[in-house]
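Data block below; observations after.
FYI, the numbering just counts along the sequence from 1. The structure presented is a predicted model; accordingly, all values stated were derived computationally and were not measured.
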Amino acid sequence: MIEFLSALDQIVSITHLTYLITGVLVGVVVGIIPGLGGIAGMSLLLPFLYGMEPSVGLGMLMGLVAVIPTGDTFTSVLMGIPGSSSSQATVMDGFPLAKKGQAARALSAAFLSSMIGGVVGAIVLSVFILVARPVVLAFSSAELFMLTLLGLSVVAALSGGNIYKGLAACGFGLLVGTIGGAPATGEFRFTLDIDYLYDGIPLVVVGLGIFALPEIISLLVKNSAIASSPNKLGHGLKQGFKDVFSNLPLVGKSSIFGSLIGAIPGLGGSVVDWMTYSFAINSSKDSSQFGKGDIRGVIAPESANNACASGSMIPTILFGVPGSGAAAVFLGGMLLLGIQPGVSMITTHLDLTYTIIWSLALANILGAIFCICFTRPISLLTYIKFSILTPIILTLILFAAYQATRSLGDFILLGVVATLGVMMKGANWPRPAFLIGFVLSSGAENYFFQSIQFYGYSWFLRPGVMTIAALIVVGFVLPPILKKRKQKNDATAESPLHEAQQGSDVKTVSWTDWGIIAILGVCATYALVNVWDTSMLTKAFPIIAIAIVMFSVAMLVSQYVKEKHIGIPSDLSMNLVYIAGFFVIAYGYYLFGFISTTFVFSLLFLKFLAKASYLKSATIAIGLVLFLVTIGRVMNVDFPEGFFDPYLLSAIKTFI
């Protein structure tokens with residue numbers, strides 16, 4: 001009770017509310033930009049957490065986590081473009097309603113149901129933590145290590161497409177996370193004798209590189225506005241509220257279901273909206289209007305995806321196993337704030353746990369109110385040509401990346417990871433699986449080392465460990481068996497539908513797939529050679545990651561060789577041109593200075609690529625310079641000066 005009151009007192013403080021609202025505002029804007037989502041937005045916020053009080057930093061993060069599923073509703077309803085994977089089902093009825101002139105009705109219903117879903121999710125989270133407390137306290141490091149592997153296996157198995165792609169991405173994330181010093185011995189691994197790598201790879205750089213830059217490049221290649229043509233909001237704002245209250249049972253069921261699905265690592269928002277959408281159809285007496293503009297097709301998925309964000313916090317807080325990519329970045333934020341998830345969150349840090357829960361609830365309420373009150377001006381953001389926003393977003397990303405170690409190596413590594421991200425996106429490899437593997441790597445290795453230290457090499461004979469290991473095996477073995485059985489049953493049914501499905505089930509492979517496989521194979525081989533002569537505790541965990549990668553790569557190659565796959569083109573030439581341009585800009589930071597290069601790049605990009613006027617281009621470029629100078633002073637950041645920055649800063653000081 002004391003912890004509950006302490007958390008309540010914390011969330012109503014002016015400081016906490018200020019940072020919470022900041023997170024909410026950022027979340028709404030990030031949610032509007034298709035593809036960016038919570039991972040990129042949270043990665044942008046991570047640098048600002050350094051030195052923050054934990055409860056305040058958590059408030060800002062939770063504000064963003066809670067509201068992104070609300071903000072991405074704008075594009076889903078107004079343009080029929082999913083703002084993220086968790087808003088795909090909303091398009092089915094939200095966009096038809098907008099075309100009927102009822103966009104305001106769809107948006108108000110979505111925002112109110114999102115708010116209720118988020119609050120219900122927070123309540124489910126608080127109840128689950130109380131119920132699960134005895135179980136968590138009974139877990140040792142050995143069980144926690146196996147839980148980490150279970151989470152990774154579920155993420156790999158449920159990543160969609162090819163299970164071996166998911167497994168390879170998880171294993172490679174684990175391997176990349178071991179770069180630097182071994183926690184057990186202090187020996188260094190995979191550094192290539194580069195000073196920058198001795199401290200490991202920063203999460204901020206990985207999160208921005210694997211998600212944010214590839215999405216920005218993808219939108220630049222399209223070179224269009226988020227919305228191609230205006231779609232009026234129309235009428236029905238109050239009717240949307242009435243629709244929600246007349247369908248409260250559907251809202252409640254979808255919210256609880258979303259919370260439970262969010263707690264399963266690897267599922268999350270990518271499927272919960274479709275599952276609840278299907279539930280809404282099957283539970284309806286009249287489903288004839290679904291897909292044509294039925295408001296229930298908006299209410300059900302929007303209730304579930306906000307509750308799902310709360311549900312994903314359950315494994316993250318209790319076991320340190322993130323339930324989604326955004327939860328993985330949130331986990332990294334917790335570690336930056338000096339908070340270790342797990343047993344401590346329900347013992348010594350129970351007040352922080354309640355702070356997280358009620359920050360989630362409050363953020364959902366504030367986000368819904370904000371979106372409802374400012375629906376019209378916010379919707380106008382979707383009609384801005386994305387190339388106009390690019391210099392602003394890119395500057396924020398580069399600033400955030402530079403805060404990782406304040407080294408030029410941050411920019412180089414960002415470009416390298418972004419290249420991998422572009423390839424994975426182009427070949428449909430699961431990037432969240434890679435990110436989750438990377439985030440879990442450090443904690444998993446510590447649990448592994450502690451298991452050996454406390455129990456010797458017999459730790460895997462513990463009952464809890466063997467039970468979780470059995471679940472991992474079942475998770476990998478059962479789905480293929482069920483799939484083969486289903487195919488066998490379908491083969492016995494000779495029907496035109498079955499023949500059509502067989503004709504549409506075409507397996508494909510691209511040169512990008514082979515390129516990624518080659519990269520993983522080379523990296524795994526180098527890693528094995530690098531750690532082979534080190535001590536057992538130094539190489540034990542990396543070898544597990546290497547084995548996962550090599551096994552997955554071997555199975556993928558075997559599939560591509562034995563089974564018939566149609567080669568498809570994966571034209572990433574323009575994407576790679578933008579990546580090359582990024583490296584040129586990074587070199588400009590070193591040669592000319594961060595602020596000078598930002599000004600020149602923004603001015604030229606806006607004028608010649610975005611086709612903006614000289615006045616608009618110059619205004620935005622000058623605004624970015626003033627932003628960097630101001631935040632550099634506030635946060636005491638020394639940007640790379642190069643040749644021109646000292647003169648530019650000297651000139652600015654004469655006017656400011």
Side-chain angles (χ1 to χ4, degrees), residues 28 31-32 34 69-118 225-255 257-258 269-308 368 371-376 378-383:
V28 170
I32 288 173
T70 305
D72 61 22
T73 307
F74 282 102
T75 54
S76 299
V77 171
L78 294 176
M79 280 73 63
I81 304 172
S84 66
S85 61
S86 62
S87 62
Q88 295 175 20
T90 306
V91 174
M92 298 299 294
D93 287 284
F95 190 50
L97 281 167
K99 289 193 289 186
K100 293 178 181 179
Q102 300 180 44
R105 177 191 177 192
L107 288 173
S108 61
F111 296 146
L112 184 57
S113 55
S114 292
M115 181 187 76
I116 297 173
I226 299 171
S228 56
S229 59
N231 196 338
K232 294 181 180 180
L233 290 176
H235 60 277
L237 192 69
K238 293 182 180 179
Q239 181 59 42
F241 299 148
K242 294 178 181 178
D243 291 327
V244 172
F245 286 113
S246 63
N247 290 280
L248 277 180
L250 178 63
V251 174
K253 292 174 183 177
S254 299
S255 301
F257 184 73
S270 58
V271 296
V272 71
D273 59 330
W274 288 114
M275 294 174 78
T276 49
Y277 185 78
S278 176
F279 170 76
I281 294 175
N282 294 330
S283 62
S284 173
K285 293 181 180 179
D286 179 16
S287 59
S288 60
Q289 295 304 306
F290 277 91
K292 301 176 183 178
D294 194 313
I295 196 64
R296 292 170 294 180
V298 174
I299 291 172
E302 286 300 313
S303 303
N305 58 30
N306 278 61
C308 183
C371 288
I372 291 170
C373 293
F374 300 99
T375 296
R376 294 186 185 278
I378 292 174
S379 65
L380 295 177
L381 291 176
T382 60
Y383 307 120

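- Here the straight-line distance linking atom SG of Cys371 with atom CG of Leu112 works out to 12.0 Å at 0.5 Å rounding.
- Of all the heavy atoms in Ser108 and Arg105, the pair that sits closest is OG-O, 3.0 Å.
- The line from CG of Asp243 to CD of Gln102 is 9.0 Å long, rounded to the nearest 0.5 Å.
- Put simply, the side chain of Val251 reaches to within 4.5 Å of the side chain of Ile299, judged on heavy atoms.
- Counting only heavy atoms from C-beta outward, the side chains of Phe290 and Arg296 approach each other to under 4.5 Å.
- Here Ser255 contributes atom OG and Leu250 contributes atom CG; the two are 9.0 Å apart, rounded to the nearest 0.5 Å.
- The CE atom of Met275 sits 11.5 Å away from the OG atom of Ser254 when rounded to the nearest 0.5 Å.
- With 3.5 Å as the limit, one finds no donor-acceptor pair spanning the side chains of Asn306 and Glu302.
- The nearest pair of heavy atoms linking Ala103 to Val77 is O-CG1, 4.1 Å.
- Across all non-hydrogen atoms, the minimal contact from Ser283 to Ala280 is OG-O, 3.4 Å.
- Annotation: side chain of Asp294 is not in contact with side chain of Asp286 (no heavy-atom distance under 4.5 Å).
- Here Asn305 contributes atom CG and Thr90 contributes atom OG1; the two are 6.0 Å apart, rounded to the nearest 0.5 Å.
- Two residues are said to be in side-chain contact when any heavy atoms from C-beta on lie closer than 4.5 Å; Ile372 and Phe241 meet this criterion.
- In this structure, NZ in Lys253 is found 11.0 Å from CG in Asn247, a value given to the nearest 0.5 Å.
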